[in-house]
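Atoms within each ligand, like the ligands themselves, are counted from 1 in listed order.
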Amino acid sequence: MHDYEALIAAARKSRENAHAAYSNFRVGAALRATSGRIFGGCNIENATYGLTVCAERVAIFKAISEGERGFDAVAVVTDADSLTPPCGACRQLLWEFCGDVPVILANYKGKTETEAMRDLFPKPFDASNL
Ligand code: THU
């Protein structure tokens, strides 16, 4: 199923809850589980700055902690003109929990782009290295 509109809409909705008081850069993410459930996340900053958790990881932790396993798409939404790809730390976790899924990047001007995780995260360190 390649209809990503619902996933982008969920990422936008989560973005409304972003706690980005320090960077003012609000991010929403959403994961689609193979069960069909969608899990949203927003970035959550705090006064230490360094303990910030990105929207993608919040969505992953929500889904995993709810017992969900197996995902088939991820969306990331910001209002930046150039689309926002997941940071390095999030790529590591997206690879671990979602594998080679499509990552749909979107903004509020109708711009979208889909990247494969294998392209965003070539030569990963993962369980196959252990
Ligand atoms: N951020 C995300 O939530 N996801 C990304 O893909 C990129 C960065 C957040 C972290 C921080 O709260 C803010 O954006 C600026 O880096």
Side-chain angles (χ1 to χ4, degrees):
M1 216 251 277
H2 292 291
D3 173 19
Y4 297 133
E5 281 314 307
L7 198 61
I8 293 170
R12 285 201 176 121
K13 184 113 193 74
S14 287
R15 182 177 172 276
E16 290 170 15
N17 297 322
H19 179 64
Y22 303 95
S23 73
N24 217 25
F25 190 75
R26 304 164 75 81
V27 186
L31 292 191
R32 189 172 69 193
T34 48
S35 66
R37 283 179 77 189
I38 288 179
F39 293 83
C42 59
N43 54 329
I44 304 176
E45 301 182 348
N46 65 91
T48 67
Y49 298 9
L51 294 178
T52 290
V53 186
C54 294
E56 296 89 326
R57 275 175 289 152
V58 170
I60 291 169
F61 295 150
K62 281 172 65 182
I64 296 299
S65 66
E66 293 292 313
E68 203 67 62
R69 296 293 187 275
F71 302 93
D72 62 17
V74 182
V76 182
V77 171
T78 65
D79 73 352
D81 285 343
S82 65
L83 298 171
T84 305
C87 80
C90 289
R91 291 179 201 203
Q92 179 71 39
L93 270 77
L94 285 166
W95 185 260
E96 174 91 23
F97 293 108
C98 306
D100 184 24
V101 292
V103 180
I104 298 97
L105 310 177
N107 68 10
Y108 285 77
K109 291 183 175 158
K111 191 170 173 187
T112 68
E113 193 178 292
T114 302
E115 307 274 359
M117 265 307 292
R118 66 175 176 281
D119 297 326
L120 290 176
F121 200 52
K123 288 208 187 171
F125 171 77
D126 60 20
S128 69
N129 299 106
L130 298 174

| message | Heavy atom to atom 14 (O) of ligand 1, shortest distance: which of Tyr22, Phe25, Tyr49 holds it? | response | Phe25
| said: Check for me whether Pro86 has a heavy atom closer than 4.0 Å to any atom of ligand 1. | reply: yes
| query | Among all protein non-hydrogen atoms, which one is nearest to atom 9 (C) of ligand 1, and what is the separation to 0.1 Å? | reply | Asn43 ND2, 3.6 Å
| request: Taking the side chain as every heavy atom from C-beta outward, state whether Cys87 and Arg57 have any atom pair closer than 4.5 Å. | output: yes
| task | Report yes if the side chains of Tyr108 and Val77 come closer than 4.5 Å at any heavy-atom pair, otherwise no. | result | yes
| request: May I ask you to check whether Val53 has an N/O atom sitting below 3.5 Å from an N/O atom of ligand 1? | output: no
| message | Within ligand 1, which atoms have a heavy atom of Cys87 less than 4.0 Å away? | response | 6 (O)
| request: Check whether any side-chain heavy atom of Val27 sits under 4.5 Å from a side-chain heavy atom of Ser14, and report yes or no. | output: no
| task | State whether the side chain of Lys111 and the backbone N or O of Ser82 hold a donor-acceptor pair below 3.5 Å, judged by distance alone. | result | no
| task | Tell me which part of Pro85 gets within contact of ligand 1: side chain, backbone, both or neither, using heavy atoms under 4.0 Å. | result | backbone
| said: Heavy-atom contact check, 4.0 Å cutoff: does Ala20 meet ligand 1? | reply: no
| Non-hydrogen side-chain atoms of Glu45 and Ser23 separated by less than 4.5 Å | yes
| request: Might you point out which heavy atoms bring Ile104 and Ala73 nearest each other, and give the distance in Å? | output: CD1-CB, 4.1 Å
| Taking only heavy atoms of Cys54, which atoms of ligand 1 are found under 4.0 Å from at least one of them? | 1 (N), 2 (C), 3 (O), 4 (N), 10 (C)
| query | What is the nearest protein non-hydrogen atom to atom 3 (O) of ligand 1, stated with its residue, atom name and distance? | reply | Ala55 N, 2.9 Å
| remark: min-distance protein heavy atom vs atom 15 (C) of ligand 1 -> Ser23 OG, 3.7 Å
| The one among His19, Arg15, Glu56 that brings a heavy atom closest to atom 6 (O) of ligand 1 | Glu56
| task | Give me the one residue out of Val76, Val74, Asp100 that meets side-chain contact (heavy atoms from CB on, under 4.5 Å) with Leu94. | result | Val74
| query | How about Phe71 and Ile60: do any of their side-chain heavy atoms sit closer than 4.5 Å? | reply | no
| What protein heavy atom sits nearest atom 12 (O) of ligand 1, and how far off is it? | Glu45 OE2, 2.5 Å
| Flag side-chain contact, heavy atom, 4.5 Å: Ile44 against Asn46 | no
| task | Evaluate whether atom CG of Asp119 has more than 12 neighbouring non-hydrogen atoms of other residues, nucleotides or ligands under 6.0 angstrom away. | result | yes
| task | Consider ligand 1: state whether an atom of it lies below 4.0 angstrom from any non-hydrogen atom of Ala29. | result | no
| What protein heavy atom sits nearest atom 7 (C) of ligand 1, and how far off is it? | Thr84 CG2, 4.1 Å
| Proximal atoms of ligand 1 relative to Thr52 (non-hydrogen, under 4.0 Å) | 10 (C), 11 (C), 12 (O)
